[in-house]
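One structure below.
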Amino acid sequence: MNLKCLEQLKKALSEKHPQAKLASDFAIPWEMCPAGMDGDITVNCFRFARNFGCAPDVLAQEAADILQNNEDVQAVSKVKAFVNVSLKPQALFRDSIANMDRLMKDAVLPENQRKRILVEYSAPNTNKPQHLGHVRNNVLGMSLVSVMQRAGHQVIPVNLVNDRGIHICKSMLAYKRCGNGITPEQAGKKGDHFVGDFYVLFNKMLSEEIKQLKEARPELADQSSDELFLETEIGQAAQKMLRDWENGDPETVSLWKTMNSWVFKGFQQTYERMGVHFDKTYLESNTYLLGKETVSENLAKGIFSRREDGAVIADLGKLGTKVLLRKDGTSVYITQDIGTTLLKHKEHNPDVMIWVVGDEQILHFQMLFTILKKMGCPWADSLYHLSYGMVNLPSGKMKSREGTVVDADDLFDEMHELAKKATLERLGDTAEIPEDLEKRSEIIGMGALKFMLLKFNPKTTIMFDPQASLKFEGDTGPYVQYVCARINSIARKAQERGIDAAPEKVDWSLLDSPEEKEIAVMALRYQTALRSSAEKMDCSVLVAYLLDLAKCFNRFYREKQVLNAEDENVRTARLALCFAVRDILSDGLRALTIQIPEAM
RNA sequence: GCACCCAUAGCUCAAUUGGAUAGAGCGUCUGACUACGGAUCAGAAGGUUGGGGGUUCAAAUCCCUCUGGGUGCACCA
């Protein structure tokens, strides 16, 4: 949906410049008029003058002259190549929130632009519980999926669980030696935390042994822990366990199954709390051998080559060479990813595949995509690594081994408690405690956390300050939720008083203040914000938009009375304006997977 | 050593992808309810966009260079 006067401007300019070559979907771009300038919107001719083949300044004058005589336009002022336009309220609202149905549908892409998109995210290890870093991944992934769906794409979310390898054996070995056969239930712990504790225990025993080793053999003092891993008894035992697992040793496999099931149960609780859902979960224990055959086939075709020692390698030009099969024929990480990618493509036949994975793996994915291109996969150009930065703490980086991680479940609990505390403070001592206090606190707490993580561009390394980040004031989720709650409150009161705000009864020309018109202009930007978030795979665009809209509303709310408006018709119009804001904010928050409490 | 990414207000982040006077929040200071919800609103202070050069009507954004950070360069995942 665009402003009618701009469509007319486009037509008039096209007639004036018949030689102009415009794309079929070309629309005159417009921006919000900056504060201090007179107008509702700005047409920046610098941006598109070349489309009409004339100088920006000249085109601006033409546009100003044309718009001057448009029936929807109140006033026009031209500054350099900028044309500032004030619109008549009835025209502005007619093209904007007077038709909410249309406005909402406009956020959906036209059918020929919709795609089938597979998104892989989360990808946890089953040896420890998830921490803040995983939370960022999960929130980025689930919101991306949801926003893309809202924009009209068909999206398939999948998970690839890292359930095998030496790190899994570490927690298994520690459990075998020190667990005494107890279960998470007996210990009263969530399964993933229970297993994670044994992983920590393993590392403790390992460093103890390394310390002793270094004391006994001073020549090893400069060696790193990783280098000494196989020098230790416990390291060798873990390595043996991995071999036993790969050979299908019944006792090892049985313990592995049991411990994994504990972890899965724990993860499921964490996922449910966040609202994470996958259409399919791949297990690396099932996929880790995939790819070997493919590599062999392509070796035969001459696409890959064999190194002197027998290992199979790929020549990736600038990226260097990459080993795909070890000399003993076993597969490596990227072999598995080649196989899994082919499998995912075969099973789901997507137009686009996205991996939400941290930016330390940028090179890995460049290599993976190059390899698939070399293999001649026709779809290898539509693969995308959505890389995101780390989450740092004021004290520095999070490190599992050093115990400086922020645990996901603990963080959720903390957010919940903070929200509860804030809610109770607002209610005061006298009021009775609302029935839905827990549910409300959960929605506000999780909303604040998700919003905070989505506020930043995914690729940036973010700083998470537990003290500062968890406030509910300013640019936060609760700020936006609060606007919805306020409008809900107005809606309840309106209903009590039997006030109706049916759109057909509204006289929009009554909303002629800057605050009211600004909301109408903002509403027009919703479709762009949502689509742009989906296209750029960056939810922060939508987050920033929702904050902007919420701020506009609060300015309006301070300035103008709704239910106590000076006139019945004004009241109706303002009420309709409130509902429009609430509808957009709710739709946007829902797209980000953030819920809205009835009251706060 | 090589490659990629980053550097913007005291702090955390934006800037419609090259466009008007670089904007928000937090923090600091000053104000605003006899009001439909104060998790709110209005205002002030705070900037040579890390330094230097270049490209043009126009640079935080593009190119070169220097400085300071991060990540990767495993037959780990």
Side-chain angles (χ1 to χ4, degrees), chain A residues 29-37 42 44-47 55-57 79-82 84 123 125 162 164-168 226 284 288 307 309 311-313 318-320 322-328 330-337 358-364 366 387 389-390 392 394 397 419 422-423 425-426 444 448 452 455-457 459-465 468-469 471-476 478-479 481-483 485-494 497 525 528-529 532 536 540-541 544 547-548 551 554-555 557-565 571 574-575 578 599-600:
Chain A
W30 60 272
E31 303 160 15
M32 301 282 284
C33 196
M37 298 284 180
T42 295
N44 177 355
C45 295
F46 280 116
R47 290 193 175 280
D57 198 56
V79 185
K80 292 193 274 184
F82 298 93
N84 298 325
N125 291 336
N162 226 302
R164 64 164 287 278
I166 189 72
H167 51 291
I168 310 295
D226 286 344
E284 206 193 291
Y288 84 107
R307 205 170 51 184
D309 66 356
V312 177
I313 56 169
K318 269 190 287 186
L319 298 177
K322 180 73 188 167
V323 172
L324 304 179
L325 291 177
R326 298 186 186 98
K327 61 181 174 186
D328 62 4
T330 53
S331 62
V332 296
Y333 174 45
I334 202 158
T335 323
Q336 175 266 133
D337 248 1
D359 59 11
E360 69 276 6
Q361 292 203 39
I362 287 175
L363 182 60
H364 170 79
Q366 282 177 345
S387 63
M390 279 192 296
N392 288 339
K397 286 181 196 172
T423 306
E425 268 172 20
R426 288 171 53 73
I444 296 169
M452 193 273 301
K455 194 165 70 171
F456 309 113
N457 182 311
K459 70 175 183 189
T460 56
T461 302
I462 61 176
M463 169 74 81
F464 180 84
D465 183 342
S469 299
K471 291 197 171 170
F472 296 154
E473 286 162 14
D475 282 355
T476 63
Y479 178 90
Q481 289 172 326
Y482 183 63
V483 169
R486 263 181 162 174
I487 299 175
N488 281 336
S489 172
I490 292 175
R492 277 192 297 272
K493 290 204 164 67
R497 300 187 202 173
R525 286 180 47 210
T528 315
S532 163
K536 290 155 79 176
S540 69
V541 177
L547 277 171
D548 261 359
K551 275 179 203 167
N554 277 332
R555 271 197 294 272
Y557 182 84
R558 232 342 150 171
E559 210 57 43
K560 303 290 178 191
Q561 290 286 304
V562 180
L563 295 178
N564 306 326
R571 184 181 65 189
R574 286 188 184 151
L575 203 50
C578 289
M600 292 175 73

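Letters A, B, ... are given to chains in the order of the sequence lines, protein chains preceding strands, and every chain is numbered from 1.
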Could you go through nucleotides 28-35 of chain B and list every protein N or O atom that sits under 3.5 Å from one of its N or O atoms, giving the distance for each pair?
| unit_1 | atom_1 | unit_2 | atom_2 | d |
| --- | --- | --- | --- | --- |
| A35(B) | N3 | Gln561(A) | NE2 | 2.9 |

Residues at least two apart in sequence or cross-chain that pass side chain to side chain donor-acceptor pair (under 3.5 Å) with Arg525(A), listed by chain then number, are none
Residues in side chain to side chain donor-acceptor pair (under 3.5 Å) contact with Ser331(A), at least two apart in sequence or another chain:
none
Are the charged groups of Asp465(A) and Lys471(A) less than 4.0 angstrom apart, N to O?
no
Take atom [atom1] in [N] and the same atom in [M], then report the distance between them in whole Å.
N      : M      : atom1 : answer
U65(B) : C2(B)  : P     : 12 Å
G43(B) : A35(B) : P     : 23 Å
U16(B) : A7(B)  : P     : 13 Å
A15(B) : A9(B)  : P     : 15 Å
G27(B) : G53(B) : C1'   : 37 Å
G46(B) : U8(B)  : C1'   : 14 Å
C5(B)  : C62(B) : P     : 10 Å
C57(B) : G52(B) : C1'   : 24 Å

Please identify which of these residues, Leu325(A), Val323(A), Val312(A), meets the side-chain contact (heavy atoms from CB on, under 4.5 Å) condition with Thr335(A).
Leu325(A)
Just call it for [X]: base, sugar-phosphate, or nothing, with non-hydrogen atoms closer than 4.0 Å on any strand.
X         : answer
Thr476(A) : nothing
Ala599(A) : base
Asn84(A)  : base
Lys459(A) : sugar-phosphate
Val332(A) : sugar-phosphate
Leu363(A) : sugar-phosphate
Tyr482(A) : base
Met32(A)  : nothing
Glu284(A) : sugar-phosphate
Ala485(A) : base

Does [X] have any side-chain contact (heavy atoms from CB on, under 4.5 Å) partners at least two apart in sequence or in another chain, and if so, which?
X         : result
Ser387(A) : Asp359(A), Ile362(A), His385(A)
Ala422(A) : Phe472(A)
Lys459(A) : Asn457(A)

Which residues share a ring pair (Phe, Tyr, Trp, His ring centres under 6.0 Å) with Phe82(A), sequence neighbours left out:
Phe46(A)
For Phe464(A), check ring pair (Phe, Tyr, Trp, His ring centres under 6.0 Å) against everything at least two apart and list the hits.
none
Using a cut-off of under 3.5 Å, enumerate the N/O to N/O pairs linking the protein to nucleotides 10-16 of chain B.
| unit_1 | atom_1 | unit_2 | atom_2 | d |
| --- | --- | --- | --- | --- |
| C13(B) | OP1 | Thr461(A) | O | 3.2 |
| C13(B) | OP1 | Met463(A) | N | 2.9 |
| A14(B) | OP1 | Asn457(A) | N | 3.2 |

Could I get the full list of salt bridge (charged side-chain N to carboxylate O under 4.0 Å, His left out) partners for Arg555(A), not counting sequence neighbours?
Glu518(A)
What residues form a salt bridge (charged side-chain N to carboxylate O under 4.0 Å, His left out) with Lys455(A), not counting sequence neighbours?
none
Report the nucleotide, chosen from [options], that has the shortest atom-to-atom distance to any side-chain atom of [X].
X         : options                : answer
Leu563(A) : G19(B), U40(B), C36(B) : C36(B)
Lys471(A) : G19(B), C26(B), C36(B) : C26(B)
Asn554(A) : C41(B), A77(B), C36(B) : C41(B)

Flag for Thr42(A)-Asn44(A): side-chain donor and acceptor within less than 3.5 Å:
no
Check: Asn554(A)/Tyr482(A) side-chain N/O donor and acceptor closer than 3.5 Å
no
Kindly confirm whether the side-chain ring of Tyr557(A) is stacked on the base of U40(B), judged by centres under 5.5 Å and planes under 30°.
no
Identify whether a stacking contact exists between Phe46(A) and A58(B), where the ring centres must be under 5.5 Å apart and the planes under 30° apart.
no
Dot-bracket encoding of pairs in RNA chain B, which uses [ ] for pseudoknotted crossings and | for another strand, Watson-Crick or G-U under 3.5 angstrom:
(((((.(..((((.....[...)))).(((((.......))))).....(((((..]....)))))).)))))....
Judged by whether its glycosidic angle lies within 90° of 0, U17(B) is syn
